[in-house]
Amino acid sequence: MLRGKKIIVGITGSIAAYKAAVLIRLLVREGAEVKALMTPTAKQFIAPLTLATLCKNPVPVEFFNPENGAWNSHVSLGTWADALVIAPATANTIAKMATGVADNLLLTTYLSARCPVFVAPAMDLDMYNHPSTQYNLDSLKSYGNRIIEPAEGELASGLSGKGRMEEPEKIVEYLSQYFSRKTNLEGKKILVTAGPTIEPIDPVRYISNHSSGRMGYAIAAELHERGAEVYLVSGKTALTPPDGVQTIDVLTADEMYQAATQIFERCDGAVMCAAVADYTPKTAETHKIKKDSSETWSLELAPTQDIAAAIGANKGNRLLVGFALETDNEQVNALSKLEKKNMDFIVLNSLKDKGAGFGTKTNRITILRKDGTQTEFGLKNKTEVAADIADEMEAFWGMDRS
Ligand code: C5P
């Protein structure tokens, strides 16, 4: 499974750095092309020569060679690789990765990497359990990085607990499984809507909602990673569009309707994740509305077009996935939307659930299908939730639909 794969192993300053030698050896034995990168502290634990010999490539540590000024390009390393595996990853490097600090070659390579990134933490149990480390690991997950959880057992400090870097054999197994994932999304064209819409009242004010767009962006990134051609129609968010995904920015429900329905004509499926306004001001004033404190003021609203319903109405046997964010009567409301909008399955999240809904990095979902079956998932970060939704889409397309 790893034959021909280009893998960068990034080694940081932990006693577990010696295990990186075994990891590189195993990856090379599997047929992978391996380059190693070390942080300056990692050199105190294991010699670059050992790793260079095992991976048959020089092991850069600095941005340039002080002897001759030759430049070690983090950008070309980051774009070369099919996977970047940081093993061992110290609490220090994890914190820097979480905040975007780029003060060594390994970190700049991480920031430039377009490939999947795997992080195998190694540290003492209290460092691992510290809220800041856990927070940083959650941030890394929310960026789409995959954490290879440390094992429990004896630690270098003499203490015992969770923090031992996972064994090299297990890391290789993890990578092999990742690369052998079944995917039938190759070549599928998929529309994803995400984020809030903004309905102008006048040039200054508008009606909108709390959607951050995170869930839709995570879905777009996951589908792209699985080989789909993704069109992301996005309302206003603070997020950077995922690499390789074609993003169409819109503001209002009407603009989203126009873009989404037009793009869907050439798509095989759609995931409607946007929080679209149900009503919009009947007229948007061209001048700022002046205050008159002596009067109450009412705003006349007109219904917007339901994008999901319009797509559902003429989708044929193409796939339509919807979302339902409910505060009460969750199941009944979600099922009625599923039916009314002719969806194949709907993803329900309840605002009652802690950690689910707007602005959070996590979500807890239930998938309700047209055939009446449903699957409930636990609290996960939005990248993992996106993978569960993508699995469900793969299952839909995996079925014989002739
Ligand atoms: O009816 P409700 O807005 O709760 O339905 C939610 C689902 O419908 C979501 O998938 C949402 O993206 C989609 N929707 C839409 N266009 C609208 C309203 C909702 O696509 N105007």
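Owing to the predicted nature of the structure, the values given are computational and were not obtained by experimental measurement. Order of appearance sets the numbers: ligands from 1, and atoms from 1 within every ligand.
Summarising the contacts of atom 14 (N) of ligand 1 with V271, L320, D306, the nearest heavy atom is found in D306. Around atom 6 (C) of ligand 1, the closest heavy atom drawn from Y257, F323, Y279 belongs to F323.
Electrostatic pairing of E225 and R146 counts as a salt bridge here, judged by a charged N lying under 4.0 Å from a carboxylate O. Using a cut-off of 4.0 Å between Lys/Arg side-chain N and Asp/Glu carboxylate O, K370 and D344 are scored as salt-bridged. For E167 and K19, the salt-bridge test passes: some basic side-chain N is under 4.0 Å from an acidic carboxylate O. A salt bridge is absent between E376 and R364; no separation between the charged side-chain nitrogens and carboxylate oxygens falls under 4.0 Å.
Scanning all protein heavy atoms for the shortest distance to atom 10 (O) of ligand 1 gives M272 O, 2.6 Å. What sits closest to atom 19 (C) of ligand 1 on the protein, heavy atoms only, is K341 NZ, 3.7 Å. Considering only non-hydrogen protein atoms, atom 13 (C) of ligand 1 sits nearest to A308 CB, 3.8 Å. Here the protein heavy atom with the shortest distance to atom 4 (O) of ligand 1 is K337 NZ, 2.4 Å. Scanning all protein heavy atoms for the shortest distance to atom 12 (O) of ligand 1 gives A274 O, 2.7 Å. In terms of protein heavy atoms, atom 17 (C) of ligand 1 is closest to V276 CB, 3.5 Å.
Looking at I307 next to ligand 1, an N or O pair under 3.5 Å apart turns up. Annotation: V321 places no N or O atom under 3.5 Å from an N or O atom of ligand 1; distance criterion only.
Among N92, N104, T41, L106, the single residue meeting the side-chain contact (heavy atoms from CB on, under 4.5 Å) criterion with T12 is L106.
Between Y178 and F118, the ring-plane angle classifies as perpendicular under the 30° and 60° cut-offs.
Close approach of ligand 1 to G322 (heavy-atom distance below 4.0 Å) involves ligand atoms 10 (O). Atoms of ligand 1 found under 4.0 Å from any heavy atom of Q305 (numbered from 1 in listed order, with element): 17 (C), 21 (N).
Between P303 and T280 there is no side-chain heavy-atom pair separated by less than 4.5 Å.
In the displayed structure, R114 atom CZ is contacted under 6.0 Å by at most 12 heavy atoms of other residues, nucleotides or ligands.
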